[in-house]
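Worksheet: the structure to be examined is printed underneath.
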Amino acid sequence: SAKATATSITAGAMTAAGSLKKMLTPVLAIGAAATYLGFTFEGAMQRVRTGAGASQGEVDRMSKAILEMAHTAAGAGQSPVKLAQALYYLESAGYRGEKALKMLSAAAVNASTTGADLTEVTKTLAAARKVDIAGAETETKAMGTLNAIVGAGMMNLGDLTGALSTGILPAAKAVGITLPQVGAALDTMTIAGVPAQQAATKLTATFLRMLSPTGAAAKGLKALGINS
């Protein structure tokens, strides 16, 4: 009968659904475990090895150091997981061991003091220190200058991180411009309503033109006492 047929179809659908659930449960569990691993200390530290190129020995040493840091003033109240996630960007930039820990501590103290995100602070600090531009010779000096730039302009630390990603610092260093001078230019432009990353792109293009100026531009720079 039609009723029996409908019952049979329903039963078949329920059986199929049950089988599908059994098949998908292990897959979903694996996905959930992988996602969770990324939010655990061990998972974050293994990312330093697989994604940042650190050796397992480096990971083991840094794991111990970060767990200790999290319970001292050097960690500034940041959790081991957040410290490990931020460390990834320092290790990716080539910083290892004690140097990476000093930079991580400077970023942690700044993040806790300003309320900024630790990862964003770390990425910005790493960008400034890696270029070794004047005004960023030490972790402390670089962090102070970066804070001053954010405070004086119309931007937050995330905006500044995006601005530095344009390559503005290497270009500025090549023409003898310091980090405070770059910051002053960014501050002026952002206060005028230009987004930080757009301002940085324009400034980078200007600095690059200074490296290879046209004849007229070269004469103008020479008149200002600047040899191209």
Side-chain angles (χ1 to χ4, degrees), residues 38 44 47-54 78 82-96 99-212:
R47 185 182 178 220
V48 172
R49 181 180 66 80
T50 59
Q78 298 287 339
K82 286 187 176 181
L83 289 169
Q85 290 170 338
L87 176 68
Y88 170 80
Y89 294 96
L90 294 173
E91 296 272 354
S92 293
Y95 294 105
R96 299 282 188 263
K99 185 65 175 177
L101 290 173
K102 286 180 63 178
M103 292 181 66
L104 183 60
S105 178
V109 170
N110 180 270
S112 295
T113 302
T114 63
D117 178 71
L118 175 57
T119 293
E120 289 299 326
V121 175
T122 304
K123 288 162 66 175
T124 307
L125 177 59
R129 287 289 294 121
K130 191 66 177 178
V131 175
D132 198 28
I133 188 172
E137 291 85 354
T138 67
E139 294 78 24
T140 303
K141 190 172 183 179
M143 202 73 263
T145 303
L146 294 169
N147 281 339
I149 292 171
V150 171
M154 193 69 70
M155 60 181 141
N156 57 37
L157 198 66
D159 296 329
L160 181 56
T161 302
L164 298 189
S165 72
T166 62
I168 187 173
L169 294 186
K173 181 182 178 181
V175 294
I177 294 175
T178 68
L179 180 58
Q181 289 172 327
V182 170
L186 287 173
D187 289 339
T188 299
M189 294 179 74
T190 55
I191 289 173
V194 182
Q197 191 161 358
Q198 184 178 333
T201 299
K202 291 181 177 181
L203 287 169
T204 300
T206 299
F207 298 155
L208 292 176
R209 283 196 294 271
M210 290 172 66
L211 288 174
S212 301

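Along the sequence shown, residues are numbered consecutively beginning with 1.
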Exercise for the section: Work out which heavy atom in Ile168 is nearest to a heavy atom in Ala163; give both atom names and the distance. Expected result: CG2-O, 3.7 Å
Problem - Between CG on residue Leu186 and CE on residue Met154, distance to nearest 0.5 Å - result: 14.0 Å
Handout entry: Polar side-chain atom of Arg129 near backbone of Ala136 as donor-acceptor pair, under 3.5 Å
Key = yes
Problem - Side-chain heavy atoms of Met155 within contact of Met189, under 4.5 Å - result: no
Handout entry: Spacing of Leu157 atom CG and Leu146 atom CG [to the nearest 0.5 Å]
Key = 7.5 Å
Handout entry: Where at least one partner belongs to residues 184-193, residue pairs that pass salt bridge (Lys or Arg N to Asp or Glu O under 4.0 Å), sequence neighbours excluded
Key = none
Handout entry: salt_bridge(Glu139, Lys99) N-O dist < 4.0 Å
Key = yes
Exercise for the section: Would you check if the side chain of Gln181 reaches a backbone N or O of Thr178 as a donor-acceptor pair within less than 3.5 Å? Expected result: yes
Handout entry: Shortest non-hydrogen separation from Thr204 to Ala171 and the atoms involved
Key = CG2-CB, 4.0 Å
Handout entry: Heavy-atom side-chain proximity of Tyr95 to Lys102 below 4.5 angstrom
Key = no
Exercise for the section: Would you mind reporting whether Thr190 and Asp159 have side-chain heavy atoms less than 4.5 Å apart? Expected result: no
Problem - Polar side-chain atom of Gln198 near backbone of Ala196 as donor-acceptor pair, under 3.5 Å - result: no
Problem - Flag side-chain contact, heavy atom, 4.5 Å: Leu125 against Met103 - result: yes
Practice task
Evaluate the side-chain proximity of Leu118 to Thr122: yes if any heavy-atom separation is below 4.5 Å, no if none is.
Solution key: yes
Exercise for the section: For residues Ala128 and Leu169, report the shortest heavy-atom separation together with the two atoms involved. Expected result: CA-CD1, 3.7 Å
Exercise for the section: May I ask you to check whether Thr166 and Thr201 show a side-chain donor-acceptor distance below 3.5 Å? Expected result: no
Handout entry: Separation of Leu164 CG from Ile149 CD1 (nearest 0.5 Å)
Key = 7.5 Å
Handout entry: Geometric cation-pi criterion Lys173 and Phe207, 6.0 Å radius, 45° cone
Key = no
Problem - Check: Glu91 main-chain N/O paired with Arg96 side-chain donor or acceptor under 3.5 Å - result: yes
Problem - Pair Ser112-Gln78, side-chain donor/acceptor within less than 3.5 Å - result: yes
Completion exercise
Residues Ile133 and Ile177: closest non-hydrogen pair is CD1-O, 3.3 Å
Problem - With Asn147, the side chain to side chain contact (heavy atoms under 4.5 Å, CB included) member among Val121, Asn110, Thr113, Leu160 - result: Asn110
Exercise for the section: Over all heavy atoms of both residues, which pair between Ser165 and Gln197 is shortest? Give the atoms and the distance, please. Expected result: OG-NE2, 3.8 Å
Exercise for the section: Taking the side chain as every heavy atom from C-beta outward, state whether Thr124 and Met143 have any atom pair closer than 4.5 Å. Expected result: no
Problem - Nearest heavy-atom neighbours spanning Gly158 and Glu120 - result: CA-OE1, 3.8 Å
